[in-house]
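Encoded as structure tokens, the structure appears first; notes follow it.
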Amino acid sequence: MKKEKLLIHICCAPCFVSPYEHLNSEGRFEIMGFWFNPNIHPYQEYSRRRDTLKDFAEANNIPMIWKDEYLLEDFLRKITYREGDRCRICYYERLRYAAIVAAKGKFDYFTTTLLYSKFQNHKLIVEVGEALAKE
């Protein structure tokens, strides 16, 4: 049986571990990780998250795609005078690249570990992700 290709946008290794283990144990998916988190602040936090994910991915032989670009100034420009839409803009930026990578890589699905975090707006993430998937 051919596995379905799944691209997972990863915000950080701790939010990736449980979903990865669950999805991997099902045996249904060929899982590829995707790192793109351009607005994590401060830069030291961005680096810690990236480096911890690299260690986890290497230790578990998880294939990864890295879009290692720190674009905080660009993000701040986009949210200026739109602070109330900060989360929507952030989700859109991350998931837009995940959708592009998924389409180019002929993945069957894409998702994000942002859905694992209890601190995120899951309804909004799904709304943005589904809109991008249709595009």
Side-chain angles (χ1 to χ4, degrees):
M1 176 175 94
K2 186 176 179 195
K3 291 184 176 185
E4 295 172 287
K5 290 177 65 176
L6 174 63
L7 182 72
I8 303 178
H9 163 264
I10 303 167
C11 61
C12 62
C15 286
F16 179 52
V17 173
S18 185
Y20 171 75
E21 289 176 350
H22 174 76
L23 292 166
N24 193 46
S25 71
E26 286 183 357
R28 174 181 165 192
F29 298 105
E30 176 185 330
I31 299 171
M32 172 82 65
F34 175 58
W35 168 262
F36 178 60
N37 295 288
N39 63 313
I40 302 300
H41 182 73
Y43 182 76
Q44 292 83 354
E45 177 65 18
Y46 172 89
S47 297
R48 274 193 296 273
R49 289 182 187 204
R50 181 198 57 216
D51 296 347
T52 301
L53 178 58
K54 279 183 182 179
D55 292 344
F56 180 77
E58 287 173 8
N60 291 279
N61 297 312
I62 301 167
M64 292 289 303
I65 296 170
W66 300 94
K67 185 169 175 56
D68 189 7
E69 298 178 11
Y70 189 65
L71 305 170
L72 180 63
E73 288 178 9
D74 183 53
F75 176 73
L76 294 174
R77 273 189 221 92
K78 289 176 181 172
I79 65 165
T80 300
Y81 303 112
R82 292 184 286 286
E83 291 84 0
D85 282 333
R86 179 176 59 100
C87 291
R88 179 181 298 278
I89 293 166
C90 175
Y91 298 152
Y92 177 82
E93 288 299 310
R94 295 180 194 197
L95 293 178
R96 181 171 66 96
Y97 278 103
I100 290 168
V101 170
K104 286 184 178 180
K106 298 186 179 3
F107 284 83
D108 299 296
Y109 308 98
F110 73 93
T111 190
T112 178
T113 58
L114 292 167
L115 289 167
Y116 183 74
S117 172
K118 65 182 180 181
F119 300 107
Q120 302 300 324
N121 182 336
H122 296 172
K123 182 179 177 193
L124 182 55
I125 294 167
V126 170
E127 177 185 309
V128 170
E130 287 178 345
L132 288 165
K134 288 177 184 175
E135 287 181 26

Next item on the list: Run the numbers on Glu127 and Arg88 for salt bridge (Lys or Arg N to Asp or Glu O under 4.0 Å), then give the verdict.
Entry: CA-CA 10 Å; Glu127 177 185 309; Arg88 179 181 298 278; 2.9 Å; yes
Note to self: Apply side-chain contact (heavy atoms from CB on, under 4.5 Å) to residues Asn39 and Arg94 and explain how you reach the verdict.
What the structure shows: CA-CA 10 Å; Asn39 63 313; Arg94 295 180 194 197; 3.4 Å; yes
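The distance from the CZ atom of Phe16 to the OG1 atom of Thr52 is 13.5 Å, given to the nearest 0.5 Å. Rounding to the nearest 0.5 Å places OH of Tyr20 at 3.5 Å from CG of Asn24.
Side-chain contact check for Arg48 versus Gln44: some heavy-atom pair is nearer than 4.5 Å. Counting heavy atoms from C-beta outward, Pro38 and Glu69 have side chains that stay 4.5 Å or more apart.
Under the salt bridge (Lys or Arg N to Asp or Glu O under 4.0 Å) criterion, Lys78 pairs with Asp74, Glu93, sequence neighbours left out.
Taking both residues in full, the closest heavy atoms of Phe107 and Val101 are given as CD1-O, 4.0 Å, listed atom of the first, atom of the second, then distance. Shown here for Asn37 and Ile10, the closest heavy-atom pair between the two residues is ND2-O, 2.9 Å.
Checking Glu26 against His22 by side-chain atom types alone, a donor-acceptor pair falls below 3.5 Å.
For Arg86, the CZ atom is loosely surrounded, since the number of other residues' heavy atoms within 6.0 Å does not exceed 12.
Trp35 does not carry Lys54 over the face of its six-membered ring by the limits of under 6.0 Å from the centre and within 45° of the normal.
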